[in-house]
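Below is one structure, written out as structure tokens, with a few remarks after it.
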Amino acid sequence: MTLILVLIGGGCGALIRGMLTDFCNQRFKQSYPIATIIVNIVGSFLIAFVSGYSLQAHWLSPLFTVGFLGGLTTFSTLSSELVKFLNQPRQLGRFIIYSVIQYLGAFLACLLGYFI
């Protein structure tokens, strides 16, 4: 049953991430992958916020934390985008800025979620 909950939550999280990526790509001319920044920072906040509470229902953690938030956030896409910045000429500055935004932003969001 736990694996089914993770599967359902993960599918929903990945679907939301895909829809947000499409929305951002259509609406914004962007230098940085905005959708990846949003999902990683929001996901970091929510994971810390939710883990601060004792989850009374044992099904909620695999469905929401592991499944949905695991499917929503994306370390592999972040890594791929960083490699793309490094492979383009004169993109070291963007690589550094994007790295700082992602890692520091996600850390601070997580810290905020934990203390709230």
Side-chain angles (χ1 to χ4, degrees):
M1 183 64 169
T2 299
L3 293 178
I4 292 171
L5 292 171
V6 172
L7 175 71
I8 292 167
C12 291
L15 179 63
I16 297 296
R17 182 179 72 224
M19 291 169 53
L20 181 63
T21 299
D22 287 346
F23 175 81
C24 288
N25 289 342
Q26 291 172 6
R27 301 282 191 259
F28 306 109
K29 183 178 181 194
Q30 51 195 353
S31 302
Y32 296 97
I34 294 171
T36 307
I37 294 169
I38 292 169
V39 297
N40 286 339
I41 291 176
V42 168
S44 295
F45 171 81
L46 289 174
I47 285 173
F49 182 76
V50 169
S51 67
Y53 290 96
S54 135
L55 299 176
Q56 300 298 327
H58 72 282
W59 56 268
L60 189 58
S61 181
L63 177 69
F64 185 71
T65 308
V66 177
F68 181 78
L69 293 175
L72 178 71
T73 59
T74 175
F75 187 77
S76 56
T77 300
L78 164 63
S79 299
S80 173
E81 291 163 352
L82 287 171
V83 168
K84 287 177 186 174
F85 278 128
L86 282 179
N87 284 330
Q88 296 172 0
R90 297 185 301 258
Q91 295 298 315
L92 182 59
R94 284 193 174 164
F95 168 83
I96 292 169
I97 291 169
Y98 187 56
S99 297
V100 169
I101 289 170
Q102 282 281 4
Y103 291 110
L104 186 59
F107 173 75
L108 292 175
C110 189
L111 197 61
L112 179 65
Y114 177 79
F115 283 113
I116 287 178

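Because only heavy atoms are used, hydrogens play no part in the values below, and waters and symmetry mates are left out as well, while side chains stay in. All figures in this text were calculated on a predicted structure; none of them were measured in a lab.
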Quick one: hydrophobic cluster around V6, which other residues, with the 4.5 Å side-chain cut-off, linked directly or via members?
V66
Side chain proximity check, I97 to Y32, heavy atoms < 4.5 angstrom:
yes
Which ILVMFWY residues can you reach from L15 by hopping between side chains whose heavy atoms are under 4.5 Å apart?
M19
Should I16 and F64 be counted in the same cluster of Ile, Leu, Val, Met, Phe, Trp and Tyr side chains packed under 4.5 Å apart?
yes
Shortest non-hydrogen contact from A48 toward C110
CB-O, 3.0 Å
If you compare all heavy atoms of L69 against all heavy atoms of T65, which two are closest, and at what distance to 0.1 Å?
CB-O, 3.4 Å
Donor-acceptor pair, distance only, cut-off 3.5 Å: does the side chain of S80 make one with the backbone of S76?
no
Roughly how far, to the nearest 0.5 Å, is CD1 of I96 from CG of L82?
11.0 Å
Within a reach of under 6.0 Å around CG of L3, are more than 12 heavy atoms found that belong to other residues, nucleotides or ligands?
no
Looking at residues at least two apart in the chain, or sitting in another chain, which of them share a side chain to side chain donor-acceptor pair (under 3.5 Å) with N25?
Q30
Roughly how far, to the nearest 0.5 Å, is the CG atom of L46 from the CG atom of L72?
8.0 Å
Give me each pair satisfying ring pair (Phe, Tyr, Trp, His ring centres under 6.0 Å) with a member in residues 90-113, each pair once, sequence neighbours excluded.
F85-Y98
Output the distance between atom CG (N87) and atom NZ (K84), rounded to the nearest 0.5 Å.
10.0 Å
Are F45 and I101 joined in one hydrophobic group, where the rule is that I, L, V, M, F, W and Y side chains link up if heavy atoms are under 4.5 Å apart?
no
Is there a continuous path of hydrophobic side-chain contacts, each under 4.5 Å between heavy atoms, that joins V50 to L5?
yes
Can you tell me how far the CD atom of Q26 sits from the OG1 atom of T21, to the nearest 0.5 Å?
11.0 Å
Give the cluster check for I47 versus Y114: same hydrophobic cluster or not, with ILVMFWY residues linked at side-chain heavy-atom distances below 4.5 Å.
no
With sequence neighbours excluded, tell me which residues meet side chain to side chain contact (heavy atoms under 4.5 Å, CB included) with L7.
none
Do L112 and V100 sit in one hydrophobic cluster, given that two such residues count as connected whenever their side-chain heavy atoms are within less than 4.5 Å of each other, even indirectly?
no
Would you be so kind as to tabulate the donor-acceptor pairs closer than 3.5 Å made by side chains of residues 35-44, with sequence neighbours excluded?
unit_1	atom_1	unit_2	atom_2	d
T36	OG1	E81	OE1	3.3
T36	OG1	E81	OE2	2.9
N40	OD1	T74	N	2.9
N40	ND2	T36	O	3.4
N40	ND2	T74	O	3.4
N40	ND2	Q102	OE1	3.1
S44	OG	N40	O	2.8

